[in-house]
Amino acid sequence: MKRLWVLALATSLVIGCAPPSVYRKIERTAVNAIQTELGPAESWSAKVSRDKITDLVEGDISQLSVKGKRVRPRPDLIIDEVVLEARDLNVDVKNKTLNSVKETAISAKLSPSSLALMIESMTDIREPSVTFEPDLVEVRGVYDVMGVPFRIRARGRMTVEPPRILRFTSDSVTAVGLTAPLKISKTLDMGKVYPAILLESVTISPTAVTAHGSLEPAALAKLIEDRKAAGQ
């Protein structure tokens, strides 16, 4: 399992300069960490809450937000936007370790072309293309029915099956221009992209499918303890 970006951030956090430099240092550290933790991107940015210097010296950080554009968690996948937030962090400044994170949130936005890449990588639908309508996804591609390949068009919904599955379920399917008595249901395992993610919901707009969730507390706690035990 990949290390979580907040852990990499905490291990390299050093506080001891003027407040503006403190904020910039935390943000630079986050950007450096997340490129390894979540994959390379066209751009990464970070923003830290403007906490009091006395709180930062004690290792208390109200909020850290990071955003990536066109992230590649795997060579064959693109996520158009990843947004991560951590709230109420406590860092052991002396030992450069993360003590706790009260709350995390993650969202991953997929454009039609990015979702098509994911469908091609994770399902048996070949040559897929995708379009969106409010609350609906349309998938076109080549699909084998009883061993015979058909070019199909399936319209349906995206839903979440906790903890890590996005599922596409067709409402209607057409093949060679005719309505087919066929249901297509395909799963996209987001745990294969980010193993610690816990999915909660998915929204569909005319331009993107966005999965919303958090980081698994048990996985986060275990990684914190493992790093402490290793003296990192």
Worksheet item: Can you list the steps and then say if E138 with R153 is a side chain to side chain contact (heavy atoms under 4.5 Å, CB included)?
Response: CA-CA 7 Å; E138 181 175 287; R153 182 180 70 179; 3.4 Å; yes
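- For the atom pair OG (S172) and CZ (R155), the distance works out to 6.0 Å, reported to the nearest 0.5 Å.
- The backbone N or O of L215 sits less than 3.5 Å from a side-chain atom of T104, completing a donor-acceptor pair.
- The nearest pair of heavy atoms linking F168 to V137 is CE1-O, 3.6 Å.
- With rounding to the nearest 0.5 angstrom, the CZ atom of R151 is 9.0 Å from the CZ atom of R126.
- V83 and I197 are not part of a single hydrophobic cluster, where members link through side-chain heavy atoms under 4.5 Å apart.
- Cluster annotation: V176 and Y143 are assigned to the same hydrophobic cluster (Ile/Leu/Val/Met/Phe/Trp/Tyr, side-chain heavy-atom contacts under 4.5 Å, transitive).
- Heavy atoms only, all atoms of each residue included: V202 and T159 are closest at CG1-CA, 3.9 Å.
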Item to complete: I would like to know whether M118 and M190 meet side chain to side chain contact (heavy atoms under 4.5 Å, CB included); could you show each step before the answer?
Response: CA-CA 10 Å; M118 189 170 287; M190 294 299 289; 3.9 Å; yes
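- The line from NZ of K47 to OG of S45 is 10.0 Å long, rounded to the nearest 0.5 Å.
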Discussion item. Checking V130 against L110 for the side chain to side chain contact (heavy atoms under 4.5 Å, CB included) test, could you report, in this order, the C-alpha distance in whole Å, the side-chain angles of both residues, the deciding distance, and whether it holds?
Written reply: CA-CA 11 Å; V130 175; L110 297 163; over 6 Å; no
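- Residues K52 and D60 are not paired through a salt bridge, judged by the lack of any N-O separation under 4.0 Å between the basic side chain and the carboxylate.
- Among all heavy-atom pairs drawn from L115 and F132, the shortest one is CD2-CE2, 3.7 Å.
- Side-chain heavy atoms closer than 4.5 Å link hydrophobic residues (I, L, V, M, F, W, Y) into clusters, and following such links, even through other members, never connects I165 to M158.
- Using a 4.5 Å heavy-atom threshold, the side chains of E85 and Q63 count as touching.
- Heavy-atom minimum distance, T123 versus T187: CG2-O, 4.0 Å.
- Looking at D171 and R157, a side-chain N of the basic residue comes within less than 4.0 Å of a carboxylate O on the acidic one, giving a salt bridge.
- The shortest distance between side-chain heavy atoms of M122 and L77 falls below 4.5 Å.
- Under a 3.5 Å cut-off, the side chain of S121 and the backbone N or O of L117 do not form any donor-acceptor pair.
- More than 12 non-hydrogen atoms from other residues, nucleotides or ligands lie less than 6.0 angstrom from NZ of K183.
- Taking each heavy atom of I78 and R72 in turn, the nearest pair found is CD1-NH2, 3.2 Å.
- In this structure, CG on L199 lies 10.0 Å from NE2 on H212, to the nearest 0.5 angstrom.
- Scanning both residues, I152 and A175, for their nearest heavy atoms gives CG2-CB, 3.9 Å.
- Using a 4.5 Å cut-off on side-chain heavy atoms (C-beta onward), R164 and D189 make contact.
- Other residues, nucleotides and ligands contribute over 12 non-hydrogen atoms within 6.0 Å of the NZ atom of K186.
- The backbone N or O of A208 sits less than 3.5 Å from a side-chain atom of S205, completing a donor-acceptor pair.
- One hydrophobic cluster, built from ILVMFWY side chains closer than 4.5 Å, cannot hold both L198 and Y194; they sit in different ones.
- Atom CG of D144 and atom CD1 of I125 lie 10.5 Å apart (nearest 0.5 Å).
- One hydrophobic cluster, built from ILVMFWY side chains closer than 4.5 Å, holds both F150 and I184.
- Here the side chain of R74 pairs no donor or acceptor atom with the backbone of V193 at under 3.5 angstrom.
- D80 and R70 are joined by a salt bridge, as a carboxylate oxygen and a charged side-chain nitrogen come within less than 4.0 angstrom of each other.
- Separating the OG atom in S65 from the CG atom in L84 is a distance of 9.0 Å, to the nearest 0.5 Å.
- When atom types are taken as modelled, the side chain of R50 and the backbone of V48 share a donor-acceptor pair closer than 3.5 angstrom.
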